[in-house]
Amino acid sequence: MTCKRSLVQIQYRPPLIFIGAIMAKRDPDTLRHSTSHILAAAVKELFPKVKLGIGPAISDGFYYDFEKREPFTPEDLKRIEKRMAEIIKRALPFKKKMLSRSQAQELLKKDKERFKLELLKGLKGKRISFYTTGDFIDLCKGPHIKSTKEIKAFKLTSIAGAYWRGKETNPTLQRIYGTAFSTKGELDKHLKRIEEAKRRDHRKLGKSLDLFSFHDEAGAGLVIYHPKGATLRRIIENFIEEEHKKRGYQSVITPHIYKIDLWKKSGHYDFYRELMYFFKIEKQEYAIKPMNCPGHVLIYKSKTRSYKDLPIRYFELGTVYRHERSGVMHGLMRARGFTQDDGHIFCTPNQLKKEIEDTVSFALDILKTFGFGYKLILSTRPEDCIGSKKNWEHATKALKEALKESKLEYEIASGEGAFYGPKIDIQISDALGRLWQCSTIQVDFNFPEKFDLSYTGKDGRKHRCVMIHRALLGSIERFLGVLIEHYGGAFPVWISPVQVKILSIADRHLKYALKVKKRLEKENLRVELDSRNEKIGKKIREAQIEKVPYMLIMGDKEVKNNTLSLRLRSEEDLGEIKIDRFIRRISLAIKKKE
RNA sequence: GCCGAUGUAGCUCAAUGGUAGAGCAGAGCUUUCGUAAAGCUCAGGUUGGAGGUUCGAUCCCUCUCAUCGGCUCCA
């Protein structure tokens with residue numbers, strides 16, 4: 001079988017710096033790919049009529065695609081797993097076998113392996129390599145482990161549907177996912193990591209930390225923020241807006257709906273209609289904005305611009321709605337309504353490189369503030385695109401040079417650019433190691449043409465300006481989702497919805513507790529008081545579960561000494577401390593964004 | 001949108017072709033307590049929604065909505 005390396009596979013790479021992700025020291029791909037053969041062999045033994053797709057190694061394991069009328073059940077999975085263990089026990093060698101093209105074709109035809117035949121057609125060369133393990137034979141370029149004995153620990157993890165060769169118009173195959181390791185310990189570690197990731201799932205934490213909710217009756221993909229979630233979001237929004245102001249952006253505000261004519265002019269009506277929400281009032285058709293660009297463009301166009309004005313940078317926390325297909329929603333990570341930290345830069349072609357460079361460094365600064373790892377991807381000209389070749393080259397070169405001068409490593413996604421220009425995407429990963437695109441920096445030739453965006457040059461003539469679309473967090477929703485999983489809900493103090501929880505021991509301590517609360521609120525701290533008639537143990541337990549960074553316990557001793565007893569969510573009991581000292585301590589942590 | 005699974009109290013889950021139960025949360029009472037869960041009592045449900053099969057459906061079937069795992073798409 002073939003094992004195509006593509007960006008799609010790279011997407012499954014393990015998290016960059018998260019939760020101590022453990023990569024096996026040896027490259028485990030060969031082991032996993034070999035295990036996928038054993039999976040196919042077991043399926044063939046149990047279900048001889050099944051046809052084979054492909055079975056590559058992916059970052060944490062492998063999969064194999066099968067065509068089978070009846071879906072695999074979880075029970076089937078267990079049976080297959082058992083048969084795989086038997087095959088492995090047979091200690092079969094992986095043997096390479098070179099066949100001529102006609103021999104290969106004959107073999108696959110005999111087995112009616114129509115997908116393999118299709119793969120064979122796409123292969124170059126006269127001799128085609130196959131690998132055998134016992135009676136099982138598979139078209140494959142290898143390499144493989146020597147013997148099935150080397151598979152010491154494996155597990156089938158899930159079943160899912162997948163299109164043949166990833167194309168929607170192709171038949172749906174059934175994909176069995178699994179993973180394999182060279183020791184049992186590594187497998188256990190891996191499974192534990194998955195457990196931990198599930199515990200950090202932002203959808204779960206969003207509920208238990210009372211941050212946000214979704215409702216059947218409200219609609220799929222529409223986030224409803226609860227007080228604590230709203231607080232968290234506002235802090236991030238204020239932070240990001242301030243950072244933009246520091247870097248020469250001007251804040252603007254634009255409407256949520258526009259007449260359909262504007263969307264026709266911008267091209268969204270033609271290219272983006274499927275994803276847009278439309279409505280008609282008094283014979284006038286409107287659409288809810290899926291993007292913020294048109295508004296910013298109208299501001300630019302509201303007067304003539306001189307080269308002296310450029311670059312102009314507009315910023316808006318713009319809420320957009322996109323009708324995502326029903327199967328793709330994923331908590332905050334993929335919603336139908338979301339807010340972008342959206343900015344547009346209008347500049348001269350000569351300014352392009354510098355602007356890109358600054359924007360990339362801006363994005364990385366922001367990501368570093370939250371301790372994220374990241375990956376840069378440069379997407380180049382797709383087949384179907386607008387704009388002259390010269391423009392594309394200029395822009396792509398500007399992007400490349402900006403990255404080069406910033407000494408940043410990046411991958412190239414050839415032909416993956418938007419139809420209107422090349423882009424740099426930055427991905428960060430969630431608890432399960434899934435990468436999410438957050439920052440995106442896109443050069444656009446389309447808008448400047450369509451809206452005739454220009455400026456007057458030194459020569460007194462009109463010149464076409466260049467437009468950059470960029471979002472650093474991407475969508476606030478997605479970023480929050482990743483953030484929740486990144487911190488496992490234990491946010492640094494500066495963004496914690498509740499920074500301090502005061503826990504009073506008995507009713508007679510309430511007055512003092514209230515006094516302390518007032519004092520802390522005067523320092524702009526977010527404080528809650530738990531004065532319920534409950535035991536201190538219970539109050540602590542609940543504050544721990546809420547992951548409040550600082551707990552202040554107040555009883556007779558503290559009232560008498562005019563102090564607080566400080567406990568951290570890391571379960572540290574730090575004992576008594578003076579109020580002012582505590583304020584200094586927490587203020588410093590907030591300032592340092594720890 | 002596609003493949004598959006799921007949907008029972010606010011939350012986590014149990015049970016059944018004869019209209020459902022537990023723990024936590026909530027309310028009331030007792031208790032005023034020192035670093036991860038005090039006790040008692042009460043209340044809480046058109047079993048996601050619509051239709052069908054059946055004497056009878058929460059359970060079986062169809063449709064629909066939503067969620068989950070993927071595919072595809074994407075911020």
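Remember, predicted model here, so these are calculated numbers, not experimental data. Below, read A as the first sequence line, B as the second, and so on, with proteins coming before strands; counting in each chain starts at 1.
For the P atom pair drawn from A14(B) and U8(B), the interatomic distance equals 10 Å after rounding to whole Å. G48(B) sits 44 Å from C33(B) when the C1' atoms are compared, rounded to a whole Å. Atom C1' of A36(B) sits at a distance of 24 Å from the matching atom of U30(B), rounded to the whole Å. Annotation: G51(B) and A43(B) have their P atoms spaced 32 Å apart (nearest Å). Between C11(B) and A37(B), the two C1' atoms lie 16 Å apart (nearest whole Å). C61(B) and A5(B) have their P atoms separated by 11 Å, given to the nearest Å.
For Lys207(A), counting side-chain heavy atoms from C-beta on, the closest listed nucleotide (C2(B), U12(B), A75(B)) is U12(B).
Residue Lys538(A) places at least one side-chain N or O closer than 4.0 Å to OP1 or OP2 of A25(B). The phosphate of A75(B) has neither OP1 nor OP2 within less than 4.0 Å of any side-chain N or O from Thr440(A). The side chain of Gln437(A) places no N or O atom within less than 4.0 Å of a non-bridging phosphate oxygen (OP1 or OP2) of C74(B). Phosphate contact (OP1/OP2 of A25(B), side-chain N/O of Arg541(A), threshold under 4.0 Å): absent. OP1 or OP2 of A36(B) has not a single side-chain nitrogen or oxygen of Lys535(A) nearer than 4.0 Å.
In the interface, the side chain of Tyr163(A) is paired with the base of G1(B) through a donor and an acceptor atom under 3.5 Å apart. Between the base of A75(B) and the side chain of Gln442(A) there is no donor-acceptor pair shorter than 3.5 Å. A donor-acceptor contact under 3.5 Å is formed by the side chain of Glu571(A) with the base of A36(B). Remark: the Glu558(A) side chain and the G34(B) base include a donor-acceptor N/O pair separated by less than 3.5 Å.
Contacts of Ser565(A) with the nucleic acid, taken as non-hydrogen atoms under 4.0 Å apart, include base atoms.
Using a 4.5 Å cut-off on side-chain heavy atoms (C-beta onward), Thr319(A) and Phe338(A) make no contact.
In this structure, the aromatic ring of Trp436(A) is not positioned over the six-membered ring of the base of A75(B) within 5.5 Å between centres and 30° between planes.
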Throw together a table of side-chain donor-acceptor distances under 3.5 angstrom for residues 270-277 of chain A, partners on residues two or more places apart or in other chains.
unit_1, atom_1, unit_2, atom_2, d
Tyr272(A), OH, Arg322(A), NH1, 3.2
Arg273(A), NE, Tyr269(A), O, 3.2

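For Ser213(A) and His226(A), the side-chain atoms include at least one donor-acceptor pair closer than 3.5 Å.
A search for side chain to side chain contact (heavy atoms under 4.5 Å, CB included) contacts involving Ser570(A) returns Leu568(A), Glu572(A), not counting sequence neighbours. With sequence neighbours left out, the side chain to side chain contact (heavy atoms under 4.5 Å, CB included) criterion links Val548(A) to Val498(A), Lys501(A), Glu546(A). Listed by chain and number, the residues in a side chain to side chain contact (heavy atoms under 4.5 Å, CB included) with Asn170(A) are Trp164(A), Arg165(A), Lys167(A) (sequence neighbours excluded). Under the salt bridge (charged side-chain N to carboxylate O under 4.0 Å, His left out) criterion, Arg233(A) pairs with Glu237(A), Glu477(A), not counting sequence neighbours.
Computed from coordinates, the Asp573(A) CG to U35(B) P distance equals 9 Å when rounded to whole Å. In this structure, Met329(A) atom CE and G70(B) atom C1' are separated by 15 Å, rounded to whole Å.
Both key distances under 3.5 Å define a Watson-Crick or G-U pair, and stretches of 3 or more such consecutive pairs in RNA chain B run B:1-7 with B:65-71, B:10-13 with B:21-24, B:26-30 with B:38-42, B:48-52 with B:60-64.
In this pair, His202(A) and Phe212(A) present their aromatic rings tilted. The plane angle is within the 30 to 60° band.
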